[in-house]
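We're numbering straight along the sequence, starting at 1. Only heavy atoms go into these numbers, but all of them, side chains included; no hydrogens, no water, no symmetry mates.
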Amino acid sequence: MSRNPMRKGWCPSLHAPMQTHDGWLVRVTPDLEGLSPAQLSFLAEMAARQGNGRITLTLRGNLQLRGFREEAARRFALQAAEAGLGLADPQRESRRRVLFMSPLAGRDPACAPDTLALAREIEAAVTASGFDWHPPEKFGVVVDGGGLVPSGAMRADLMLRHEGGSWVLHHGAVSQATDRQGAVALVMECLEASCRQRMEGRALHKASPFIGRRPALMGAFLPGCFGVEAVLGEISSQSCAFLSATGATTRVTPWRGLILESRIEAADLMNDPQDLRRALIACPGEGSCHQALSPTRKDALSLAPALLGRSLHVSGCAKGCASRGQSNMTLVARETGYDLIWNGTVADRPVETGLGIEDVRRRLHRDDPAGKDRKEENRP
């Protein structure tokens, strides 16, 4: 009989840690301009002393530490706030964490020069003690200045984008141009209106898809910018401490990446866009989540050499917490083995079920599109 995974229906935050199979999970939202060396040192120490020694980068630009004891997890919010990693007031912090901006604002000359200032003004408005607004779960506001990372690549319920030399607020299928002076007031008006919307009516679900191309942001790509991505979205406390030792500020991207000021080499940091591990997505898996039925991360890494340019999502259960998007190959763990889905999501019907990891490896070699192309080329 198949086990039905349970959805918790909420996400952890600084003041709301979450109990998991391997202890308690805590989450921090970095400042808009990134993490200072002192903050990186704090996170490295907390992950090593209180957690499992690992730090996860989320797709919303947050950082997660897991494996905490309950008492340590409850103390963490105040300690993080003292380190400048959030606000001590839970309500104000819940509003602060909905905001993110172009990760290259202030560094990319092609990004709108007032992106950071505008984001700071919105941040001050949403965290003001007199603003009584409770954000819906997973709600987001982005200030998108464009540039090297094109406008539209960052997704949220409210998207303030710099387009054609002016700011435009996108709220679902509705777009409204605004001047610089009226931008903050317009965002605040939309935030207040969002309180009256149900989750299924969220603007993000109605927004037009992004059809452009987002650059990899890896290696040296702008003066004073060196990009890396975390292998499977996770780095060790040692790598975090190493970043701290550089003495430079580190920015976190909403694509599980980091923007550094100089070249850094570490085993769990990828700086080559051709790195095979970039194609992998996996949840924490068996041993970290009590609903996971397989060692997802180990299995994903073992399959990387056989992917040949294809993307892979390995989910420990049917929830698909690591990604709701489409991958070339999706594996969903069941009690009897993996379900295999080609070019789909965890919600799609599998073409095969009950597969072991070696079965999956054979399917990858058998259905090698590059190999098929080579055969076609070699025909007389």
Side-chain angles (χ1 to χ4, degrees), residues 11 29-33 59-62 91-215 251-255:
C11 290
T29 300
D31 181 76
L32 292 170
E33 295 185 73
L59 289 174
R60 287 173 63 90
N62 297 315
Q91 292 302 323
R92 293 179 63 211
E93 171 62 17
S94 71
R95 300 194 295 269
R96 184 190 75 89
R97 70 188 182 97
V98 305
L99 181 65
F100 53 110
M101 70 170 188
S102 301
L104 301 179
R107 298 189 181 186
D108 176 9
C111 183
D114 53 347
T115 301
L116 177 57
L118 188 53
R120 286 295 190 200
E121 291 173 27
I122 295 173
E123 179 183 50
V126 299
T127 59
S129 56
F131 182 51
D132 186 19
W133 176 71
H134 302 282
E137 195 63 49
K138 297 185 178 180
F139 191 91
V141 180
V142 61
V143 182
D144 181 354
L148 183 63
V149 178
S151 289
M154 304 181 72
R155 314 294 292 171
D157 297 270
L158 292 183
M159 296 173 278
L160 187 61
R161 298 180 188 159
H162 196 259
E163 301 173 345
S166 61
W167 290 99
V168 179
L169 182 65
H170 294 263
H171 184 219
V174 178
S175 301
Q176 186 173 349
T178 178
D179 57 23
R180 174 66 177 80
Q181 290 69 32
V184 176
L186 182 58
V187 169
M188 299 302 288
E189 180 183 323
C190 286
L191 288 179
E192 291 176 336
S194 71
C195 295
R196 300 185 292 272
Q197 295 174 341
R198 300 177 63 185
M199 282 300 290
E200 56 265 31
R202 283 180 60 184
L204 178 60
H205 300 158
K206 302 175 183 178
S208 300
F210 175 61
I211 58 175
R213 183 182 180 91
R214 177 178 61 82
R251 287 198 183 181
V252 184
T253 77
W255 304 290

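- One N or O on the side chain of Arg251 and one on the backbone of Ala105 form a donor-acceptor pair closer than 3.5 Å.
- Contact between Val184 and Ala125 at its shortest, heavy atoms only, is CG1-CB, 4.2 Å.
- Judged by distance alone, with hydrogens and angles left aside, the side-chain atoms of Asp108 form no donor-acceptor pair with the main-chain N or O of Gly147 at under 3.5 Å.
- Residues Arg60 and Arg97 share a closest heavy-atom pair of NH2-O, 4.4 Å.
- Side-chain contact between Val98 and Leu191 is absent, with no heavy atoms from C-beta onward closer than 4.5 Å.
- When side chains are defined from C-beta on, Ser102 does not count as touching Val149, because their heavy atoms never get closer than 4.5 Å.
- The main-chain N or O of Thr127 is found under 3.5 Å from a side-chain atom of Arg92 such that the two form a donor-acceptor pair.
- Side-chain contact between Leu186 and Trp167 is absent, with no heavy-atom pair separated by less than 4.5 Å.
- No option in Asp144, Asn62, Val142, Val143 other than Val142 meets the side chain to side chain contact (heavy atoms under 4.5 Å, CB included) test with Phe100.
- Not a single donor-acceptor pair under 3.5 Å links the side chain of Thr253 to the backbone N or O of Pro103.
- Side chain of Ser151 to backbone of His162: a donor-acceptor contact under 3.5 angstrom is found.
- Using a distance-only test at 3.5 Å, with no hydrogens or angles considered, no donor-acceptor pair links the side chain of Glu192 to the main chain of Trp133.
- The heavy-atom pair separating Glu33 from Arg120 by the smallest distance is OE2-NH2, 2.9 Å.
- His134 is not listed as a side-chain neighbour of Ser94, based on a closest heavy-atom distance of 4.5 Å or more.
- Contact between Arg155 and Pro209 at its shortest, heavy atoms only, is NH2-CA, 3.7 Å.
- No salt bridge links Asp31 with Arg96; every basic N to acidic carboxylate O contact stays at or beyond 4.0 Å.
- Listed for the Asp114 side chain is no donor-acceptor partner under 3.5 Å among the backbone atoms of Ala117.
- The shortest distance between side-chain heavy atoms of Arg213 and Pro150 does not fall below 4.5 Å.
- Within the 3.5 Å criterion, the main-chain N or O of Phe131 finds a donor-acceptor partner in the side chain of Arg95.
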- Determine, stepwise, if the pair Val141 / Leu160 fulfils side chain to side chain contact (heavy atoms under 4.5 Å, CB included). CA-CA 8 Å; Val141 180; Leu160 187 61; over 6 Å; no
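- Met188 is listed as a side-chain neighbour of Val126, based on a closest heavy-atom distance under 4.5 Å.
- Side-chain contact between Glu163 and His170: present, with at least one pair of heavy atoms (C-beta onward) separated by less than 4.5 Å.
- Between atom CZ of residue Arg107 and atom CG of residue Leu116 there is a gap of 11.0 Å, rounded to the nearest 0.5 Å.
- Counting all heavy atoms, side chain and backbone alike, Cys11 lies closest to Glu137 at N-OE2, 3.1 Å.
- Here the closest heavy-atom approach between residue Leu32 and residue Ala119 is recorded as CD1-CB, 3.8 Å.
- The CD atom of Gln91 sits 8.0 Å away from atom CG of Asp132, with the distance rounded to the nearest 0.5 Å.
- Remark: Glu189 CD to His171 NE2 distance equals 10.5 Å, nearest 0.5 Å.
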